[in-house]
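Worksheet: one structure, shown below.
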Amino acid sequence: MPISLNPLENLLLMKTNIVPAPILDFFGSASFYSINAAVKLGIFETLDQKPLTVDELADQVHASETGIEVLLDVLESLGYVKKKKNTYCNTRMTQKWMTAASTINMNIGFEYYYPVMKELWPHLYESILKGGPYIEFYQWLGESPETASLYQKFMMTLAALFIPDLVKKLKLAKNCRNLIDIGGGHALYSIALCKKYRDLQVTIYDSPYAKPIALKNINNAQVEKQIRFVQGDYVIDDIGTGYDAALLCNVIHEHTPEENLQLLNKIFQSLPDNGCIIVVDNIQNINISKAADFLTGMFSLLYFLSLGGRNYSFGEISEWFKDSGYKKVKKTALGLSGLSLITGYK
Ligand SMILES: C[S@@+](CC[C@H](N)C(=O)[O-])C[C@H]1O[C@@H](n2cnc3c(N)ncnc32)[C@H](O)[C@@H]1O
């Protein structure tokens, strides 16, 4: 957890400018590497068994005592571990989000994000100069099956976080029988909708690399009769017709405004009158919380760096909706995540 300033620190660093606040950002990325090292060493899993002293922990994870001691100091100031007398234990945050026993285990995010930090972020400067990705994300993923698998697992972790609220707030029309999940990837959103609407038939439209994980999840959830996977490129290929609704979950941020307008138009052509389009994405400029704004901004930079896309404001998205012909455009916020649900009708 990023450090939060106490009132005195806030005065010195932010209000009076006596201490150079940028010094904290020198170590922003180092915080990531520190937590990544803890994940790789298995520190959180080990401390989940019982509190340990530095030498006991070093012994159990086969690492140097001095290394573990300096790392634990940082993990404590970041809020991951707590020192009690001479032993260390996981904080409640770590227990809830960072171990194999967690319902939603964010460790996978650190594993996936490691190659992203090492290979993509260093090229932000070139991307900004160029106006698009220096390394194309899906080509990069294609060259590393291990990273591609971690990426899918991380997308599934995030999906598990957001699905309950989405499924509660998304209300499909009574006569909605066929839905296309564009860029549906791992299939978890489609599966959740099929469990809510037992008469729904879903077509997941995605590239071939997503197929194995999607089919595995569909089989595990035993919804084979409700979901089919169609492989293709939704930018250039025909997506077919016969759908009452189209879902684009975390898709528009991967594209430029021109590509999105083209895609929304293509979907409009494939929908019947009153057909529904549903966009779920991070929305820029919602100003609901400092943390949500920070995350939305950083994700936006990452999408620009790796895909040439970014997060868009509700104003931009509703303009595309209206330009494509959709009516009754509406936005619903999904918790404090920065994620919103935007619907429109043909
Ligand atoms: C960010 S993921 C979103 C996955 C899922 N909808 C979710 O929200 O977790 C974007 C998905 O779009 C797919 N995708 C991106 N560009 C595509 C294209 N041109 N044609 C087909 N699928 C594409 C990717 O393979 C990936 O599964």
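Side chains included, hydrogens not; waters and symmetry mates left out as well; all remaining heavy atoms used. Every number for a ligand or one of its atoms is a count from 1 in the order of the listing.
- Interface atoms of ligand 1 facing Cys249, defined by a heavy-atom separation under 4.0 Å, are 3 (C), 5 (C), 6 (N), 7 (C), 8 (O).
- Ligand-side atoms of ligand 1 in range of Gly185: 27 (O), range being under 4.0 angstrom from any heavy atom.
- For the residue pair Ser313/Glu316, the side-chain donor-acceptor check at 3.5 Å is satisfied.
- Residue, atom and distance of the protein heavy atom nearest to atom 24 (C) of ligand 1 are Tyr138 OH, 3.2 Å.
- Near Gly232, meaning under 4.0 Å from one of its heavy atoms, ligand 1 places the atoms 20 (N), 21 (C).
- Between the side chains of Asp281 and His253, at least one donor-acceptor pair of N or O atoms lies under 3.5 Å.
- At least one heavy atom of Tyr151 sits closer than 4.0 Å to an atom of ligand 1.
- The distance from ligand 1 to the heavy atoms of Ser207 drops below 4.0 Å at these ligand atoms: 21 (C), 22 (N), 25 (O).
- A donor-acceptor pair under 3.5 Å is absent between the side-chain atoms of Ser144 and the main chain of Trp140, judged by distance alone.
- Taking any N or O of Asn250, backbone or side chain, at least one lies under 3.5 Å from an N or O belonging to ligand 1.
- The protein non-hydrogen atom at the shortest distance from atom 19 (N) of ligand 1 is Asp233 OD1, 2.9 Å.
- Annotation: Val251 places no N or O atom under 3.5 Å from an N or O atom of ligand 1; distance criterion only.
- Of all the heavy atoms of Glu254, the ones lying under 4.0 Å from any atom of ligand 1 belong exclusively to the side chain.
- Without hydrogens or angle criteria, Glu65 side chain to Asp55 main chain gives no donor-acceptor distance under 3.5 Å.
- Side-chain atoms of Thr94 come within 3.5 Å of backbone N or O of Tyr80 as a donor-acceptor pair.
- Judged by distance alone, with hydrogens and angles left aside, the side-chain atoms of Lys196 form no donor-acceptor pair with the main-chain N or O of Lys171 at under 3.5 Å.
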Exercise for review: Step by step, work out the side chain to side chain contact (heavy atoms under 4.5 Å, CB included) result for Val329 and Ile342.
Suggested key: CA-CA 7 Å; Val329 181; Ile342 299 174; 4.1 Å; yes
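- At under 3.5 Å, not a single nitrogen or oxygen of His255, backbone or side chain, sits near a nitrogen or oxygen of ligand 1.
- Under a 4.0 angstrom heavy-atom cut-off, Ala159 registers as lying outside contact with ligand 1.
- The protein atom (non-hydrogen) at minimum distance from atom 23 (C) of ligand 1 is Tyr234 CE2, 3.2 Å.
- Atom CZ of Arg92 has 12 or fewer heavy atoms from other residues, nucleotides or ligands within 6.0 Å.
- Of the listed options His253, Glu259, Gln231, His186, His186 places a heavy atom closest to atom 7 (C) of ligand 1.
- Other residues, nucleotides and ligands contribute over 12 non-hydrogen atoms within 6.0 Å of the OH atom of Tyr33.
- The shortest N or O to N or O distance between Met155 and ligand 1 is not below 3.5 Å.
- Formation of a donor-acceptor pair under 3.5 Å by the Tyr209 side chain with backbone atoms of Leu141 is not found in this model.
- Residue contact check: Tyr189 has heavy atoms under 4.0 Å from atoms 7 (C), 8 (O), 9 (O) of ligand 1.
- Residue-ligand proximity, Val235 to ligand 1, at heavy-atom distances under 4.0 Å covers atoms 19 (N).
- Taking the ring centroids of Tyr151 and Phe137, they lie under the 6.0 Å cut-off.
- Checking only distances, Asp206 does come within under 3.5 Å of ligand 1, N or O to N or O.
- In this structure, a donor-acceptor pair under 3.5 Å is present between the side chains of Thr203 and Arg228.
- Considering only non-hydrogen protein atoms, atom 12 (O) of ligand 1 sits nearest to Gly183 CA, 3.5 Å.
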